[in-house]
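Just so it is clear: chains get the letters A, B, ... in the order the sequence lines come, proteins before strands, and each one is counted from 1. On a predicted model such as this, the values are computed, not experimentally measured, just so you know.
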Number of protein chains: 2
Amino acid sequence: MKRTAPILPSALAELLPATLHVLCATITLGKGSYLFKAGRKPACMYFVVSGELTLERPGAQGESIILQRTRQGFAAEASLQSASYHCDAKAVADTVIVSIPIRELRTMLEQDPAFALRWISMLNRELKRLRLQCERLSLNTVQDRLCHLIETEGRGGRYPMGSGLKSIARELGVSHEALYRCVASLEKGGKLHRVGGDLVQAGVSG
Amino acid sequence: MKRTAPILPSALAELLPATLHVLCATITLGKGSYLFKAGRKPACMYFVVSGELTLERPGAQGESIILQRTRQGFAAEASLQSASYHCDAKAVADTVIVSIPIRELRTMLEQDPAFALRWISMLNRELKRLRLQCERLSLNTVQDRLCHLIETEGRGGRYPMGSGLKSIARELGVSHEALYRCVASLEKGGKLHRVGGDLVQAGVSG
DNA sequence: AGATGGGTATGATCGATATCATATGAAAAG
DNA sequence: CTTTTCATATGATATCGATCATACCCATCT
């Protein structure tokens, strides 16, 4: 784990009041290393900039249960209120994280109503995204999930596949092979095209 | 749609400041009726007490895309900030809803920091629940999903099946037949028992 | 008592996907 | 320049679950 001067992504810089900016730190985690372990008292809130962080805890059968998987955004927001972590946070890839001290964050939320409302907006957007993802994962074919993704997260039938089809597959909860086949089949049927780095849905519009 | 004097569920009564209590109204919706339609300006925030409410909008291919499905809790929290609804809200069963005026809600969030923090707590809990559900829906067998549900939403390996296995099946995103079979098979293997109205996981504890 | 409806349950079938294997091309590393 | 690695791709196979059908039990209604 390495700490450096805070370089905030713009989403975070616009959300947080200036007072908090200087209190943030950037942390880089190597694949397989832990950000925190269960039992520890939360001192910071974490924002994943890149890579992938999972929150997990052991299940009754000894297997590890994944509670959350964050590739971009806040992890363990609930630690804002809780007295101790109930899970481990593990980087499953090389990961860059920004930490924000909870104590000062809480103080600012209490003292700055505009900030509190921005924070609530952020949580609302996050909720919306997660609800969409749940609905998507409830669909039972790869094609349905992919189309739902393009319709809801894309813009005008275009969805950027920045990090590749493989990572989209994980997001859709399907194997990458299945996704490759699905995309190939949709392309063959003329219902989908790859333009630049985007997946573009052929508008039936009729 | 029928409006009556506000009878708030305790979760809501404890969350909202007293000032807002009297401004709430209870609404009962018959199966198939709409709470609001896309385009309208949001005036109220809605809390589903019982029944089931979906938010949907038409997809590019004409099919209807479900954005959210609420059986208990807030629906369309994001309407707190948005200028108009982007979807329809439809009761897919006879449904009881409490409405809270957005304008006054926002005012209170700005003026009452303690309330704002309670609201943030509520959103955090909701996020936590949804993240768990996403992880659960990413599991590919019925058994894995059921065990994950019991481990994460239950208490000490017990999960109440209050509304029956059929509704749990919907929550798990599987057919009820598949769930019946899964439960039967786990019971046969001694890994699960039905005690009272609960599903009880046999602790391997060794 | 008979009818109706819903949850529970189980059987049979079919299709979709996970999984394993293999191949190719591009980029990165040596 | 060769080697390694990784995303992309496609084939073969086995399995799990969706779906349709049937049946039972229990509550409610008539």
* To do: Give a yes/no answer on whether the side chain of A/Arg145 brings an N or O atom under 4.0 Å of OP1 or OP2 in C/dT17.
  => no
* To do: Please tell me which of the listed nucleotides, D/dT10, C/dT8, C/dT10, lies nearest to the side chain of B/Glu177?
  => C/dT10
* **B/Asp94 CG to C/dG6 P, straight-line distance once rounded to whole Å** => 12 Å
* Which part of the nucleic acid does B/Thr141 contact within heavy-atom distance under 4.0 Å: base, sugar-phosphate only, or nothing? -> sugar-phosphate
* To do: Mind telling me whether A/Phe36 and A/Tyr85 have parallel, tilted or perpendicular rings, with 30° and 60° as the class edges?
  => parallel
* **Any N/O donor-acceptor pair, B/Arg181 side-chain to D/dT19 base, under 3.5 Å** => yes
* **Whole-Å distance separating the CD atom of A/Glu187 from the P atom of D/dA9** => 7 Å
* Structure fact -> Rounded to whole Å, NE2 of A/His176 lies from P of C/dC20 at a distance of 11 Å
* Which of the following nucleotides, C/dT19, C/dG7, D/dA18, is nearest to the side chain of B/Ala178? -> D/dA18
* Asked: Does the side-chain hydrogen bond (donor to acceptor under 3.5 Å, both in side chains) test come out yes or no for B/Glu56 and B/Thr54, once each step is laid out?
  -> CA-CA 6 Å; B/Glu56 28 192 287; B/Thr54 61; 2.8 Å; yes
* To the nearest Å, give me how far apart OH (A/Tyr180) and P (C/dT17) are. => 16 Å
* To do: In whole angstrom, give the distance that lies between atom CG of A/Asn140 and atom C1' of C/dA18.
  => 15 Å
* Asked: Taking CG from A/Leu172 and P from C/dT17, how many angstroms apart are they, rounded to a whole number?
  -> 11 Å
* Asked: With side chains defined as the heavy atoms from C-beta onward, is the minimum distance between A/Glu77 and B/Leu123 less than 4.5 Å?
  -> no
* To the nearest angstrom, how far is A/Leu199 atom CG from D/dA7 atom P? -> 17 Å
* Asked: Between C/dT8, D/dA7, C/dT17, which one does the side chain of B/Lys166 approach most closely?
  -> C/dT8
* Asked: So, A/Arg136 versus A/Thr152: side-chain donor-acceptor pair below 3.5 Å or not?
  -> yes
* Report the nucleotide, chosen from C/dA18, D/dG17, D/dA9, that has the shortest atom-to-atom distance to any side-chain atom of B/Val142. => D/dG17
* Asked: Are A/Val49 and A/Leu12 close enough that some pair of their side-chain heavy atoms sits under 4.5 Å apart?
  -> no
* Please state how far atom CG in B/Leu165 lies from atom C1' in C/dG6, giving the value in whole angstrom units. => 14 Å
